[in-house]
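Since the structure comes first, as structure tokens, the remarks are kept for the end.
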Amino acid sequence: MLCITLYEFLRALSNLLKVNKSFVLFLSLIFITKSLMTIGVTVASKIANIINKPNVLANLPTTTIKIIAAYAVKRAIITFFISLIMLSFVREMVKKMTKKIVHIDLNAFFAQCEINKDKSLLGKPIAIGSNGKRGVVSTSSYEARRFGVYSGQSMAEARSLCKNLIVIPGDYHLYSKESYNFFSYLKKRYKLIEQASIDECYIDMTDCIPDDITERDYLLDLQLSLYKYTNLKCSIGLGDNRFLAKMASDYQKPLGLTIIHRENIEEILWPIKISNMFGIGKKTAPKLGKLGIKTIGDLAKTNSSEVKSLLESYFDSAKAHANGYGDDIVDPSPFDPKSVGASRTFLDDTTDYDEVKNMIIYLSKEVSNELKKYHKLSSTCSLTIRNQDFVTHSKQLTLTMPTNDNVVIAQTALIILDRFWKQEPLRLVGVAMLQVFDEKEGYRQMELFSKENIVKPLIDSNETVENLLLEGKLKKASSVKKNKKNNDKNPSYKPFVGLEE
DNA sequence: TCTGGGGTCCTGCGGCGC
DNA sequence: TCTGGCGCCGCAGGACCC
């Protein structure tokens with residue numbers, strides 16, 4: 001550890017003095033050798049004083065002094081070379097301790113899938129997304145990007161920027177299949193691989209790149225074989241940690257290959273605009289700009305209290321990232337969701353209760369299916385509504401028993417709707433189950449309750465909520481609250497904590 | 001031009017129990 | 001019996017990512 005600290009100190013010193021590391025190393029060794037010799041002479045004089053022979057050195061014959069001097073020079077030279085060997089050893093050690101994290105990003109992935117399906121689209125400006133009046137661009141081809149068409153943009157604006165834009169509605173089954181093929185190929189080659197989304201992943205390649213091939217050549221070969229076997233183009237970034245790898249893959253697109261080690265952050269990372277730094281979004285970037293932080297290099301060097309108070313707890317990790325430090329763990333375990341949700345924007349804002357209710361029932365089925373797919377349960381249901389002013393509100397309700405049943409989810413979401421919706425026009429509605437956990441864990445918890453509660457279903461899952469409401473098997477929360485006496489007569493099941501009075 | 005849909009993580013606030 | 005301080009936890013909202 002001491003050796004590593006010394007090495008890091010030398011590196012920092014060379015960065016600070018803006019001189020070559022070898023020069024600093026040379027100066028340091030001269031300084032150390034000279035210090036050791038001075039200490040040696042001082043120690044010799046002290047010993048001479050202790051043994052009451054202060055003139056012992058002066059009384060020595062000239063030949064003896066020459067021999068001692070020659071011996072001292074010999075020792076100094078040996079010390080110099082030993083230090084040199086030790087430092088190169090430390091260097092190697094630090095190099096070995098540094099990980100090689102790779103980030104692979106599929107370029108304009110959805111657009112590539114569409115082009116592979118229909119070759120006539122090759123070279124044309126295309127955008128994936130809904131063509132409706134409220135559609136937005138999900139992905140655009142590089143030809144469309146030249147017209148200023150980007151993800152997140154409204155389709156109306158995209159069409160106005162690029163008159164020949166070909167709009168394609170998304171085929172998410174196709175994209176999932178292509179993504180599966182691409183990452184399956186990589187998973188066969190690498191053990192430590194973490195899929196971060198449908199079109200990107202991190203791989204720990206620390207022990208994968210052979211010594212007799214450069215990192216660049218190895219990754220270039222990988223990039224070509226990925227294209228050969230999957231017909232998909234990707235950008236690859238290699239760094240000492242996840243942050244550097246991610247920034248490296250973003251550096252050049254399409255088909256980019258960038259390597260960022262801590263040693264070269266000043267040339268590659270620091271000139272990048274702060275708005276392009278991973279973790280700094282469109283809200284924070286302008287605020288940082290006003291404080292004089294225009295590039296990642298500015299953030300790396302700042303100690304401004306204003307920047308600290310703006311970024312709060314994120315300041316330390318953001319500054320560490322800007323200086324080339326960060327998390328280098330790649331977790332290969334499969335995706336384990338913490339929440340599952342579904343939401344839809346209405347074609348037109350609505351105040352129609354039935355329209356909102358039907359949408360909630362539809363979304364609850366989607367959420368239920370996803371929970372079942374991952375074998376998950378949850379006790380927390382959340383309803384999100386967005387009004388015509390684009391203001392979003394969400395409310396939660398906690399159930400006494402965890403569930404993944406679509407009817408119970410719909411029932412809960414409708415109760416929240418009844419309690420909080422003031423009948424203002426709605427733009428969007430969303431249903432989500434939060435803090436989800438494994439079914440096995442859920443059943444262990446349920447065993448704490450009576451067996452009757454576990455085996456007796458509340459209602460038949462195949463029935464629709466509308467029918468249940470009509471038949472009186474299911475009641476709106478509002479009616480339950482008004483009819484408290486009836487509710488008290490039948491206290492067999494109280495699914496909602498939030499409704500207990 | 002007028003803003004989708006799926007997530008994660010963090011923060012502030014308020015309720016609650018000790 | 002009342003009150004303040006403290007920590008915990010649930011909730012709502014915001015920012016960020018793809």
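In what follows, every chain begins at residue 1, and chains take the letters A, B, ... in the order their sequences are listed. What you see is a predicted model, and the numbers here were worked out from it, not measured in a lab.
Comparing atom distances between the A/T398 side chain and each of C/dC11, B/dT11, B/dG6 picks out C/dC11 as nearest.
Taking the side-chain hydrogen bond (donor to acceptor under 3.5 Å, both in side chains) definition, one finds that A/N369 meets it with nothing, sequence neighbours left out. The ring pair (Phe, Tyr, Trp, His ring centres under 6.0 Å) check on A/F110 picks up A/Y172, A/Y175, with sequence neighbours excluded. Scored by the side-chain hydrogen bond (donor to acceptor under 3.5 Å, both in side chains) test, A/D250 finds A/K253 as partners (sequence neighbours excluded). A/S235 is linked by a side-chain hydrogen bond (donor to acceptor under 3.5 Å, both in side chains) to A/N107, counting only residues two or more places apart in sequence or in another chain. Taking A/S140 as the reference, A/V137, A/A144, A/R145, A/V149 meet the side-chain contact (heavy atoms from CB on, under 4.5 Å) condition, with sequence neighbours excluded. Checked against side-chain hydrogen bond (donor to acceptor under 3.5 Å, both in side chains), A/Y229 has no partners two or more places apart in sequence or in another chain.
Residue A/L399 contributes atom CG, which lies 11 Å from atom P of C/dC11 at whole-angstrom precision. Between A/L310 atom CG and B/dC10 atom C1' there is a gap of 14 Å when expressed in whole angstrom units. Look at NZ on A/K338: it is 14 Å from C1' on B/dC10, rounded to the nearest Å. Rounded to an integer number of Å, the gap from CD of A/E312 to P of B/dC10 is 13 Å. Across the protein-nucleic acid pair, A/L311 atom CG and B/dT11 atom P stand 12 Å apart, rounded to whole Å. When rounded to the nearest whole Å, the span between CD of A/E194 and P of B/dT8 equals 13 Å.
Between the A/N406 side chain and the A/S364 main chain, no donor and acceptor come within less than 3.5 Å of each other.
Listed by first and then second residue, the side-chain hydrogen bond (donor to acceptor under 3.5 Å, both in side chains) pairs involving residues 150-171 of chain A are A/N131-A/R159 (not counting sequence neighbours). Applying the side-chain hydrogen bond (donor to acceptor under 3.5 Å, both in side chains) test to pairs two or more places apart or on separate chains, those with a residue in residues 308-319 of chain A are A/N303-A/K319. Within the structure, every pair that satisfies the ring pair (Phe, Tyr, Trp, His ring centres under 6.0 Å) test and touches residues 372-412 of chain A, not counting sequence neighbours, is listed here: A/F335-A/Y374.
A/Y314 does not qualify as a stacking partner of the B/dC10 base, lacking a centre-to-centre distance under 5.5 Å together with planes within 30°.
Look at A/T380 and you won't find any side-chain N or O under 4.0 angstrom from OP1 or OP2 of C/dG10.
Residues from residues 142-180 of chain A that place a heavy atom under 4.0 Å from any atom of DNA chain C: there are none. Using a 4.0 Å cutoff on non-hydrogen atoms, no part of residues 125-138 of chain A comes near DNA chain C.
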Quiz prompt | Per-nucleotide protein contact string for nucleotides 12-18 of chain C, where B marks a base within reach and S marks sugar-phosphate only (heavy atoms under 4.0 Å, - for neither) | solution = SS-SSSS
